[in-house]
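Below, each value reflects all heavy atoms present in this structure, side chains not excepted, and no hydrogens, waters or symmetry copies. Naming: A, B, ... by sequence-line order, numbering from 1 per chain.
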Amino acid sequence: MQLYNTLTRQKEDFKQISDPVRMYVCGPTTYDEPHLGHGLSTVIFELLQSYMEYRGINVKRVQNFTDVDDKIIDRAAEMGIDWFDLTQEHINSFLEAMDGLNVQPADVHPRVTEEIDPIIELIGKLVDSGAAYEAGGSVYFRVRRDEDYGKLSGRTADRMDELARLEPDLLKENPEDFALWKAWKPGEPAWESPWGPGRPGWHIECSAMARRYLGDQIDIHGGGLDLVFPHHENEVAQSESATGVVPFARFWVHNGLLRMAGDEKMSKSLGNFVTVRDALKSHTPDAIRLWIFQSHYRSPATYDAENLIAAERAVRRLRQAANAVNTGEDSGDRYDAEHIKQRFVVAMDDDLNTPRALATIFDLAREIFTAQSDGSNIADGQAMLRELVGVLGMTLDEPRHGGEAGDGKIDELIAERQNARQKRDFETADGIRDQLMSMGIEISDTTQGTTWRRT
RNA sequence: GGCGACGUAGCCAAGCGGCCUAAGGCGGGGGUUUGCAAAACCUCUAUUCGGCGGUUCGAAUCCGCCCGUCGCCUCCA
């Protein structure tokens, strides 16, 4: 299997350095509802795990929650609520949203506030070795002392210095140094440390958590493309300086960012996001996943409700093929779908080429229908369809309907129409159909009877 | 200004030197089925890959220039 590695800027053969494969994925800062960009990223890395497992490779996936930082503190103050309650609420909403997308939880979901000791220990190592220094109760990382700083993002300290966007800070030796530990300020949460009360900086948590749950060296580190700099660059610097193990992560895998119509990036700070919760109100998790997988994970995707609707229709086709009546059950001709699986694996082995993998699945659906009309036994093909779609985390479950208020009335009308049809009173029957249509109910007559769904 | 990504049918989107007169999905045309519909199924739907040059026996795929869009450059999945 080949994977694109941001560190080397090319596709490389994936060779695991540990069993299970150790994968760390950057999770959200929990001050707001998770949006589709978070969903996309999480789905992608879950897919990486699930595909590897399909290929017989065990994977341990860790995804963190950043539950203390400036944004959280500011937002809580704005809302007049306790920062911890805010963060707890959004950890819950993240887990719920991902569950709604049928994402399997990571093996471990550590949160920063429960990892303070390992973080302090790691900072201590950096201070002891001279890679970091204390100043005014804060601790900073000496970027200029780290010789290969910038190797992930292609940025050097020199070039950063030329730019004036760096906040002047009298405490820092150099403007490009970044905080490992932030000294306490009134009104902020704080923990005791050798450098006085304070809280972790943004980047150190991931280095500490990856180390604690996966070890000094990991196979894969993932996250959104927007994290390459400074977050991941700084993680590399911290981890490698602290442990001496190089590289910290063998593969750096980054997903492309989601944009909104107008081609602007979907982000919390721009306020132009669609939450996962809202998306799930009008789309099935299968359709959302299909929509994500229809473009390659490293390309930018643009959110467009029309495309989600198109994906919904496409899912319907797969569902239809999976549930097609096997009229050739007793036939000696069995449709064999092995060749599809081979194409699927070739596509996925090529840096998770999900668009191509999906194309093979749609080909499989067509072949199932063809075999069905030829009277062949399609059981194996349908099993294969469910198997491959399962790797992509899709269930092909029928969209939920029924069980809601008004169902009795609908069933009544359908029965009434059935009666009229039997008497060949099509005028009455069509009238009832129109009535249901105006209620937002679409019906279809099949050999098994009449079914309905909300439009 | 620096670094990087991208521009393929009405829309989404693979392909990255010959199998491409370009996969797959949505939409649209035609057909099968149906009391009529809907749904479903079958089938057709880019001689062409932002523009102009170049390299090559051969280019959507490599190189150069131009046009357009986006990301990162210490908030971000």
Side-chain angles (χ1 to χ4, degrees), chain A residues 6 9 25-29 31-32 34-45 63 66 69-71 74 150 153-156 159-160 162-163 165-167 175-179 202-203 222-231 233-234 254-259 262-270 273 290-291 294-296 298-302 304 306-318 320-321 324 343 347 353-363 365-366 369-370 372-373 421 424-427 429-430 433-434 437 442-446 450-453 455:
Chain A
T6 307
R9 287 150 215 270
V25 183
C26 282
T29 302
Y31 68 92
D32 214 332
H35 60 62
L36 274 178
H38 300 108
L40 181 145
S41 185
T42 305
V43 163
I44 292 297
F45 290 102
Q63 184 178 30
T66 298
D69 92 331
D70 297 351
K71 291 271 175 191
D74 293 349
S153 62
R155 253 167 262 277
T156 65
R159 198 170 305 129
M160 285 161 60
E162 291 165 11
L163 292 150
R165 264 188 72 178
L166 296 168
E167 296 279 322
E176 63 274 11
D177 292 348
F178 58 89
W202 176 32
H203 318 292
L225 206 50
D226 52 352
L227 295 180
V228 175
F229 188 87
H231 187 55
E233 191 67 73
N234 291 349
H254 293 99
N255 63 275
L257 302 177
L258 190 54
R259 304 172 180 171
D263 281 343
E264 222 176 18
K265 177 176 119 180
M266 178 182 289
S267 79
K268 285 190 277 199
S269 49
L270 292 171
F273 56 86
L290 186 85
W291 169 71
Q294 267 177 331
S295 55
H296 187 83
R298 280 191 287 116
S299 308
T302 303
D304 181 343
E306 291 296 316
N307 293 149
L308 265 309
I309 292 166
E312 201 79 63
R313 298 204 183 105
V315 168
R316 214 148 72 189
R317 181 174 165 80
L318 298 180
Q320 210 71 29
R343 286 174 53 209
N353 193 326
T354 52
R356 222 159 79 210
L358 277 172
T360 70
I361 289 176
F362 281 99
D363 285 343
R366 180 181 309 107
F369 291 125
T370 308
Q372 182 196 34
S373 61
R421 288 181 74 214
R424 303 195 69 78
D425 176 4
F426 296 121
E427 207 175 307
D430 291 351
R433 181 167 62 200
D434 291 345
M437 205 51 148
E442 186 176 276
I443 57 173
S444 17
D445 301 320
T446 72
T450 298
T451 61
W452 63 272
R453 63 186 190 87
T455 53

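Taking for each of A/L290 and A/T370 the nucleotide of RNA chain B with the nearest heavy atom, the 5'-most of the two is the partner of A/L290. Nearer the 5' end of RNA chain B, as judged by each residue's closest nucleotide, is the contact made by A/H203, out of A/H203 and A/S41.
Taking atom C1' on both B/C52 and B/U43, the two are 40 Å apart, rounded to the nearest angstrom. B/A60 and B/G18 have their C1' atoms separated by 13 Å, with the value rounded to a whole Å. The P atoms of B/C63 and B/C6 are separated by 12 Å, rounded to the nearest whole Å. For the P atoms, the distance linking B/A59 with B/G50 amounts to 15 Å, nearest Å. For B/A46 and B/A40, the P atoms lie 24 Å apart once the distance is rounded to whole Å. Using atom P as the reference point in both B/G15 and B/G7, the two lie 10 Å apart (nearest Å). Here, B/U56 and B/A23 have their P atoms 30 Å apart, quoted to the whole Å. Using atom P as the reference point in both B/U61 and B/C70, the two lie 24 Å apart (nearest Å).
A/D177 pairs by the side chain to side chain donor-acceptor pair (under 3.5 Å) definition with A/Y133, not counting sequence neighbours. Looking at residues two or more places apart in sequence or on another chain, you find no salt bridge (charged side-chain N to carboxylate O under 4.0 Å, His left out) involving A/D425. For A/R366, the side-chain contact (heavy atoms from CB on, under 4.5 Å) partners at least two apart in sequence or on another chain are A/R317, A/D363, A/T370. Every residue meeting the side chain to side chain donor-acceptor pair (under 3.5 Å) condition with A/E312, not counting sequence neighbours, appears here in chain and number order: A/T284. Taking the side chain to side chain donor-acceptor pair (under 3.5 Å) definition, one finds that A/D304 meets it with nothing, sequence neighbours left out. Checked against ring-ring contact (aromatic ring centres under 6.0 Å, His included), A/F369 has no partners two or more places apart in sequence or in another chain. Residues forming a side chain to side chain donor-acceptor pair (under 3.5 Å) with A/H203 (at least two apart in sequence, or on another chain): A/H231, A/N234. By the salt bridge (charged side-chain N to carboxylate O under 4.0 Å, His left out) test, A/R421 pairs with A/D445, sequence neighbours left out. For A/H254, the ring-ring contact (aromatic ring centres under 6.0 Å, His included) partners two or more places apart in sequence, or in a different chain, are A/H232.
Salt bridge annotation for A/D74-A/K71: absent, with no cationic side-chain nitrogen under 4.0 angstrom from a carboxylate oxygen.
With the 3.5 Å cutoff on both pairing distances, Watson-Crick and G-U pairs in RNA chain B assemble into runs of at least 3 at B:1-7 with B:67-73, B:10-12 with B:24-26, B:27-32 with B:40-45, B:50-54 with B:62-66.
Across all strands, A/R366 comes closer than 4.0 Å only to sugar-phosphate atoms, never to a base (heavy-atom distances). Base engagement by A/G37 is indicated by at least one non-hydrogen atom pair under 4.0 Å involving a base atom. Counting any heavy atom pair closer than 4.0 Å across all strands shown, A/I443 reaches a base atom. Heavy atoms of A/H35 sit under 4.0 angstrom from at least one base atom. Across all strands, A/F362 comes closer than 4.0 Å only to sugar-phosphate atoms, never to a base (heavy-atom distances). Within 4.0 Å of A/S267, counting heavy atoms only, lies at least one base atom of the nucleic acid. Residue-level contact check: A/A359 touches the bases, meaning some heavy atom is under 4.0 Å from a base atom.
The base of B/C36 lies close enough to the side chain of A/D445 for a donor and an acceptor atom to sit less than 3.5 Å apart. The base of B/G24 lies outside donor-acceptor range of the side chain of A/D363, with no N or O pair under 3.5 Å. The base of B/G25 lies outside donor-acceptor range of the side chain of A/R317, with no N or O pair under 3.5 Å. Counting atom types as modelled, A/R433 pairs a side-chain N or O with a base atom of B/C36 as donor and acceptor under 3.5 Å.
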Check nucleotides 29-31 of chain B for protein N or O atoms closer than 3.5 Å to its own N or O atoms and list the pairs.
none

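To the nearest angstrom, P of B/G24 lies 14 Å from CG of A/L318. We find that CZ of A/F178 is positioned 14 Å from P of B/U74, with the value rounded to whole Å. Between A/I361 atom CD1 and B/C26 atom P there is a gap of 14 Å when expressed in whole angstrom units.
The listed nucleotides are B/A40, B/G71, B/C73; the one nearest the side chain of A/Q320 is B/A40.
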Starting at the 5' end of nucleotides 5-11 of chain B, put B wherever the base has a protein heavy atom under 4.0 Å, S where only the sugar-phosphate does, and a dash everywhere else.
-------

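When side chains are defined from C-beta on, A/T354 does not count as touching A/Q294, because their heavy atoms never get closer than 4.5 Å.
Residue A/M266 comes nearest to A/G37 through the heavy atom pair SD-N, 3.9 Å, listed as atom of the first residue, atom of the second, then distance.
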Candidate pair A/D32 and A/F273, rule side-chain contact (heavy atoms from CB on, under 4.5 Å), full reasoning
CA-CA 11 Å; A/D32 214 332; A/F273 56 86; 3.9 Å; yes

